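The structure appears right after this line, and notes come after that.
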Amino acid sequence: MFFIDTSRNGKPVYDPIVNQSLDNYLVNDLKLPGHGLIMYVNQPAVIVGVNQNAYAEVNMPYLKEKGIKLVRRTSGGGAVYHDYGNIIFENIVINDDEHFGDFKYFAQPIIDALHDMGATDAEMRGRNDMVIGNQKFSGMTMFKVGKSYAAGGTLMFDLAMDVATKVLTPEKDKLESKGVKSVESRVTNVKPFLKPEFQNLDIEGFKKALLLRLFNAKSLDDIETYHLNDHDWSIIDERLKGKYDTDEWNYGKNPGFDYYVSKHYDIGTVSFNYSLSGNTISDIKIYGDFITGGDISVIEKALNGVELTKDALVAALNKVDIKGNLGDISADELADLLLEKTKIS
């Protein structure tokens, strides 16, 4: 493993729109052979998954009042709040998909480092979470292009929990499935669990301490490092102009269809927003925090024009690869969700 330094002209980059585009550039364009690691900090921002409806997950008035940025990442997973008390880490793996989907493989080095720093109760739990007790301090996600992928997540060190609680509005069903009543009761910072010498660090100091343990190094100079250069940044800047810095990408479009149904499954939350013509689906959009290497539009197209009956829905869904394009969930389960038919008031 080697480190990819994402600073610019020797200074850290805190712009979340820039930072969230880095993995896409590293996986699709730069393609450094082997296993690289990036680690950065964002200014206050809400990061939503590529398939999420931001309008259902975020308190938009509060977000705009506080000047918090909204940024959509290129991978799945749920909405998270970032600020100067949070670290983001991503493993960039090129032309070797042996460990794609194996969140524990990438979480364990982080957990081992935190154990060494005093947080001995840190562990991996569930699909993609790192926790202390019943509280989460890191959520992970992945996205894949061919045999290359990015795998990483957040690491809450000293995050402003009060802000996170107000700006994030996860669906009640998701919280209930995890046995908690609010965002605040579900998450924790790792700072209080660390040895005193690590509790006194600022975020850059904590990042350095973590990197030294991940690479088993005494100095950052001892770590094999690729530094993003002017050529890299010129390409990243150009890509931002066309997609990642636009409201269309980050906010998305709220289609405003007539019916909205949502449920949390083992693969994550799946939501359908759709309209009917008579009893036939005329428009449909899938949202959720599921993580897939496929294309959910395949499922949307299969359902468009289908009669809203159990038999017709199951027959349509069985014609497409649900597991490859959404996740390990049955046609019966998706049909039952659609049939709940909750009209938006």
Side-chain angles (χ1 to χ4, degrees), residues 48-60 70 72-79 101 127 141 143-145 168-178 243 246-345:
V48 296
V50 67
N51 296 311
Q52 287 193 294
N53 181 350
Y55 297 89
E57 301 285 342
V58 181
N59 180 341
M60 291 294 184
L70 179 68
R72 186 176 299 276
R73 61 177 173 266
T74 53
S75 56
R127 177 177 57 132
T141 186
F143 82 89
K144 189 168 183 277
V145 179
L168 298 178
T169 56
E171 296 188 51
K172 184 180 177 182
D173 180 63
K174 179 176 180 177
L175 292 174
E176 288 178 345
S177 75
K178 297 179 182 293
K243 183 173 183 178
T246 64
D247 284 351
E248 183 178 2
W249 167 257
N250 291 308
Y251 282 79
K253 294 181 179 178
N254 189 353
F257 299 151
D258 294 333
Y259 299 94
Y260 186 83
V261 289
S262 183
K263 189 172 182 179
H264 189 77
Y265 301 93
D266 288 343
I267 66 166
T269 299
V270 178
S271 308
F272 290 105
N273 189 190
Y274 65 98
S275 291
L276 296 174
S277 176
N279 199 43
T280 298
I281 296 173
S282 57
D283 294 288
I284 188 163
K285 180 68 180 172
I286 302 173
Y287 295 105
D289 61 3
F290 46 83
I291 297 170
T292 176
D295 180 2
I296 58 171
S297 69
V298 170
I299 297 170
E300 293 168 345
K301 290 173 184 175
L303 289 169
N304 214 351
V306 174
E307 187 180 4
L308 196 71
T309 65
K310 180 70 175 281
D311 288 346
L313 292 170
V314 169
L317 288 164
N318 279 331
K319 292 178 181 178
V320 296
D321 181 4
I322 298 174
K323 187 173 183 179
N325 290 295
L326 178 59
D328 192 6
I329 186 169
S330 70
D332 271 28
E333 288 174 300
L334 294 176
D336 286 341
L337 176 58
L338 279 161
L339 289 167
E340 289 185 10
K341 194 181 176 186
T342 303
K343 185 151 180 89
I344 298 173
S345 56

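The model shown is predicted, which means the values in this text are computed figures rather than measured ones. Residue numbers start at 1 and run along the sequence shown.
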Handout entry: Distance-only polar pair, side chains of D295 and S297, donor-acceptor under 3.5 Å
Key = yes

Problem - For the student: nearest non-hydrogen atoms of R72 and V50, plus distance - result: NH1-O, 3.4 Å

Exercise for the section: Determine yes or no for a side-chain-to-main-chain donor-acceptor pair under 3.5 angstrom, with S330 supplying the side chain and E333 the backbone. Expected result: yes

Exercise for the section: Report yes if the side chains of Y251 and V48 come closer than 4.5 Å at any heavy-atom pair, otherwise no. Expected result: no

Problem - Rounded distance [0.5 Å steps], CZ in F272 versus CG in L339 - result: 10.5 Å

Fill in the blank from the handout: Here the pair of heavy atoms bringing N318 nearest to A331 is OD1-CB, 3.5 Å

Exercise for the section: Would you mind reporting whether N53 and K285 have side-chain heavy atoms less than 4.5 Å apart? Expected result: no

Fill in the blank from the handout: d(N273 CG, Y55 OH) to nearest 0.5 Å is 13.0 Å

Practice task
Go through the steps for F143 and R73 under the test side-chain contact (heavy atoms from CB on, under 4.5 Å), then give the verdict.
Solution key: CA-CA 10 Å; F143 82 89; R73 61 177 173 266; over 6 Å; no

Problem - Name of the residue among I286, D289, T292 meeting side-chain contact (heavy atoms from CB on, under 4.5 Å) with N51 - result: T292

Handout entry: From CA spacing to verdict: side-chain contact (heavy atoms from CB on, under 4.5 Å), T269, Q52
Key = CA-CA 10 Å; T269 299; Q52 287 193 294; over 6 Å; no

Problem - Nearest atoms (heavy-atom pairs only) where A335 meets V314 - result: CB-CG2, 3.8 Å

Problem - Test side-chain contact (heavy atoms from CB on, under 4.5 Å) applied to I296 and L326, step by step - result: CA-CA 6 Å; I296 58 171; L326 178 59; 4.2 Å; yes

Problem - Close side-chain approach of L334 to I322, heavy-atom, < 4.5 Å - result: yes

Practice task
Go through the steps to decide whether N279 and T309 satisfy the test side-chain contact (heavy atoms from CB on, under 4.5 Å), and finish with yes or no.
Solution key: CA-CA 8 Å; N279 199 43; T309 65; 4.2 Å; yes

Exercise for the section: Measure the CD-CG distance between E307 and L313 for me, rounded to the nearest 0.5 Å. Expected result: 8.5 Å

Practice task
Run through L338, I299, L276 and flag the one making a side-chain contact (heavy atoms from CB on, under 4.5 Å) with I284.
Solution key: L338

Handout entry: Check: F290 and D266 side chains under 4.5 Å, non-hydrogen atoms
Key = no

Exercise for the section: Identify the heavy atoms of S271 and S262 that sit nearest to each other, and give their distance. Expected result: OG-OG, 2.8 Å

Practice task
Identify the two heavy atoms, one from A312 and one from V306, that lie closest to each other, and give their separation to 0.1 Å.
Solution key: O-CG1, 3.6 Å

Exercise for the section: Find the distance between OG (S275) and CD1 (I281) and round it off to the nearest 0.5 Å. Expected result: 10.0 Å

Problem - Where A302 and V320 come nearest, the two heavy atoms and their spacing - result: CB-CG1, 3.6 Å

Practice task
Starting at CG of L337, measure out to OH of Y265 and round the result to the nearest 0.5 Å.
Solution key: 4.0 Å

Exercise for the section: For atom NZ of K301, decide whether the heavy atoms of other residues, nucleotides or ligands shown that lie under 6.0 angstrom number more than 12. Expected result: no

Problem - More than 12 heavy atoms of other groups within 6.0 Å of D332 CG - result: yes

Practice task
Supply the atom-to-atom distance Y274 OH to L303 CG, rounded to the nearest 0.5 angstrom.
Solution key: 10.5 Å

